[in-house]
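Scroll down for the structure; my scribbles are underneath it.
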Amino acid sequence: MQLGSRVRVIGIASGKGGVGKTTIAVNLATALAESGKTVMLLDGDLGLANAQLAFGCQVKYNFSHVLAGVKTLEEIIITTSSGVQLVPGASGLQELASLTSLQAGIMLQGFESLAAKLDYLIIDIAAGISDSVITFLQACDYRFIICKDDPSSYADAYATVKVLNKNAASDNLYLLTNEVSDEAHALRLHSSFNNVTNRFLEFSIGMIGHVVKDESVPLAWKKAQPVVQLYPSSAAASNFRQLAKNVDALIKPTVNLTAHT
Ligand SMILES: Nc1ncnc2c1ncn2[C@@H]1O[C@H](COP(=O)(O)OP(=O)(O)OP(=O)(O)O)[C@@H](O)[C@H]1O
Ligand SMILES: [Mg+2]
């Protein structure tokens, strides 16, 4: 599968659940949109989708309606108040939660016509390392692995990286540390993780940015708005704006990656 030549496709994964994928996907998308980019966010968590809650959007149709042939992809897109185009996932549908890699591949093909009009397509990927998670990540130009400084997050982030490496999808792979105390903490966590990937997988993993632990983040969730928009002067919002700058500075690969469906 090849998406249009302009768009950069970014996958956000973590292995472990609840470490900040949706928070980061939503706020990175918002920060990029605020800087004038055309951004689409695909809620690739088709079992427990909740990106629409972070944006405070009412969703009538979601990706399950596209897969059922009731709606087209264009018909379910919602433009959020921050200008991000959201493709809502489905919630509570078990059959979608366990999407096969073939179905995930077909789903991504639907984005081909839209992708040419976008600067960024950000995919908020489900927890775990199922076939569909790996398929989504293989289809991305860039893969961001979210990791917190706790043993289970670290272990699951490493397991994700290991599976990607086994599936020839470990290029343009970056660590993004969340809920750290400051930049020095983020650098220490990255350095420790990178030592492990160097030692056992024989490659280095880059660091794309970090987000500090900040009470503004759960507060913004409660008020159903991205923290970047609601609390623009918070520490987390400043991290997200820096992250957007780092992302924009990445150079798009000359050859698009192909999903192995
Ligand atoms: N930097 C942060 N500071 C404080 N709280 C945070 C931060 N990042 C995330 N959180 C909190 O952690 C919780 C989980 O975040 P989020 O829903 O983004 O995780 P997730 O990885 O998408 O979870 P899931 O695997 O269930 O999809 C939320 O309550 C959120 O408010
Ligand atoms: Mg999530």
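Each ligand, and each atom within it, is numbered from 1 in the order the structure gives. Quick caveat: nothing in here was measured; it's all calculated off a predicted structure.
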Could you walk me through whether Y231 and D214 pass side-chain hydrogen bond (donor to acceptor under 3.5 Å, both in side chains), step by step?
-> CA-CA 11 Å; Y231 302 116; D214 182 343; over 6 Å; no
Which N/O atoms of ligand 1 sit under 3.5 Å from a protein N/O, and at what distances?
unit_1   : atom_1 : unit_2 : atom_2 : d
ligand 1 : 1 (N)  : N178   : OD1    : 3.0
ligand 1 : 1 (N)  : V212   : O      : 2.9
ligand 1 : 3 (N)  : D214   : N      : 3.0
ligand 1 : 3 (N)  : D214   : O      : 3.4
ligand 1 : 8 (N)  : N178   : ND2    : 3.0
ligand 1 : 10 (N) : E179   : OE2    : 3.4
ligand 1 : 18 (O) : T22    : N      : 3.4
ligand 1 : 18 (O) : T23    : N      : 2.8
ligand 1 : 18 (O) : T23    : OG1    : 2.5
ligand 1 : 19 (O) : G20    : N      : 3.0
ligand 1 : 21 (O) : G18    : N      : 3.4
ligand 1 : 21 (O) : V19    : N      : 3.1
ligand 1 : 21 (O) : G20    : N      : 3.0
ligand 1 : 21 (O) : K21    : N      : 2.9
ligand 1 : 21 (O) : K21    : NZ     : 2.8
ligand 1 : 22 (O) : K21    : N      : 3.4
ligand 1 : 22 (O) : T22    : N      : 2.9
ligand 1 : 22 (O) : T22    : OG1    : 2.9
ligand 1 : 23 (O) : G18    : N      : 3.0
ligand 1 : 25 (O) : G18    : N      : 2.9
ligand 1 : 25 (O) : K21    : NZ     : 2.8

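By the 30° and 60° cut-offs, the orientation of the rings of Y142 relative to F144 is tilted.
D248 and K37 are joined by a salt bridge, as a carboxylate oxygen and a charged side-chain nitrogen come within less than 4.0 angstrom of each other. Under the 4.0 Å criterion applied to side-chain N and carboxylate O atoms, D171 and R143 are assigned as salt-bridge partners.
A donor-acceptor pair is defined here as one N or O able to donate and one able to accept, closer than 3.5 Å; such a pair exists between the side chain of N194 and the backbone of I205.
Judged as a side-chain contact (heavy atoms from CB on, under 4.5 Å), and not counting sequence neighbours, the contacts of A68 are V70.
Counting backbone and side-chain atoms alike, N50 contributes no N/O/S atom closer than 2.8 Å to the Mg ion (ligand 2).
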